[in-house]
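Remarks on the structure that follows.
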Amino acid sequence: MHNRKGARPHPPKGCLWIEDAAAHLGMELNTLRKWRVLGKGPIGFKVGRFVTYKVTDLDDYLDSQYRAATQPERVHDARPPEPRTRRRPARAAA
């Protein structure tokens, strides 16, 4: 991606621009942009007018996802399933 004044500068040491961070995580760029707005996923910050991510934060995020997927006794905070109900009322007996 280029800006009006030429090529984009190199990211700070130990960081990746958002496009490279998305590739590092194996996800779509738009998903990472949405997550940043929603406050999900790894922490991104601006350097000038460009969004960057620390490589250590990206790797920590990936490690946390791996740990969550491999823990056998994970605790889920989801609601229990609701009881099944009929969609239509039962027909009256004739």
Side-chain angles (χ1 to χ4, degrees):
M1 184 179 261
H2 297 283
N3 59 22
R4 286 182 231 129
K5 297 177 183 168
R8 180 170 49 171
H10 291 288
K13 186 176 180 179
C15 296
L16 296 173
W17 296 131
I18 190 169
E19 296 85 359
D20 300 324
H24 184 81
L25 294 173
M27 66 173 45
E28 294 290 327
L29 175 60
N30 285 335
T31 301
L32 191 55
R33 285 182 173 146
K34 281 183 196 174
W35 282 10
R36 184 167 178 267
V37 169
L38 296 172
K40 294 173 63 175
I43 298 170
F45 59 97
K46 285 192 130 184
V47 174
R49 56 191 192 116
F50 302 107
V51 177
T52 188
Y53 289 82
K54 290 177 68 177
V55 175
T56 55
D57 288 345
L58 297 172
D59 290 338
D60 289 345
Y61 174 76
L62 288 174
D63 288 341
S64 71
Q65 294 299 299
Y66 175 77
R67 282 191 307 273
T70 58
Q71 290 177 353
E73 64 276 343
R74 318 188 280 202
V75 176
H76 295 282
D77 59 353
R79 303 185 334 193
E82 295 183 14
R84 298 184 114 191
T85 57
R86 294 182 60 108
R87 293 179 187 238
R88 290 185 259 166
R91 290 186 182 190

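FYI, side chains are in, hydrogens and waters are out, and symmetry mates aren't considered; it's all heavy atoms of this structure.
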Tell me every residue that passes side chain to side chain contact (heavy atoms under 4.5 Å, CB included) with K46, counting only those two or more places apart in sequence or in another chain.
R36, V51
Under 4.5 Å between any side-chain heavy atoms of C15 and F45, yes or no?
yes
How about D59 and H24: do any of their side-chain heavy atoms sit closer than 4.5 Å?
yes
How far apart are the C-alpha atoms of L25 and Y53, what are their side-chain angles, what is the distance that settles it, and do they pass the side-chain contact (heavy atoms from CB on, under 4.5 Å) test?
CA-CA 11 Å; L25 294 173; Y53 289 82; over 6 Å; no
Are K34 and T31 close enough, and set up right, to give a side-chain contact (heavy atoms from CB on, under 4.5 Å), and what steps lead you there?
CA-CA 5 Å; K34 281 183 196 174; T31 301; 5.8 Å; no
Would L16 end up clustered with W35 when hydrophobic side chains under 4.5 Å apart are linked, directly or stepwise?
yes
Can you get from L62 to I43 by hopping between Ile, Leu, Val, Met, Phe, Trp and Tyr side chains that sit under 4.5 Å apart?
no
Please name the pair of heavy atoms, one in A21 and one in L58, separated by the smallest distance, quoted to 0.1 Å.
CB-CD1, 3.8 Å
Report yes or no: does W17 contribute a side-chain atom to a donor-acceptor pair with the main-chain N or O of P9 at less than 3.5 Å?
yes
A quick test of your reading: do over 12 heavy atoms of other residues, nucleotides or ligands sit less than 6.0 Å from CD of Q65?
yes
CG/L29: more than 12 non-hydrogen atoms of other groups inside 6.0 Å
yes
Gap between atom CD of E19 and atom OG1 of T52 - 0.5 Å precision
10.0 Å
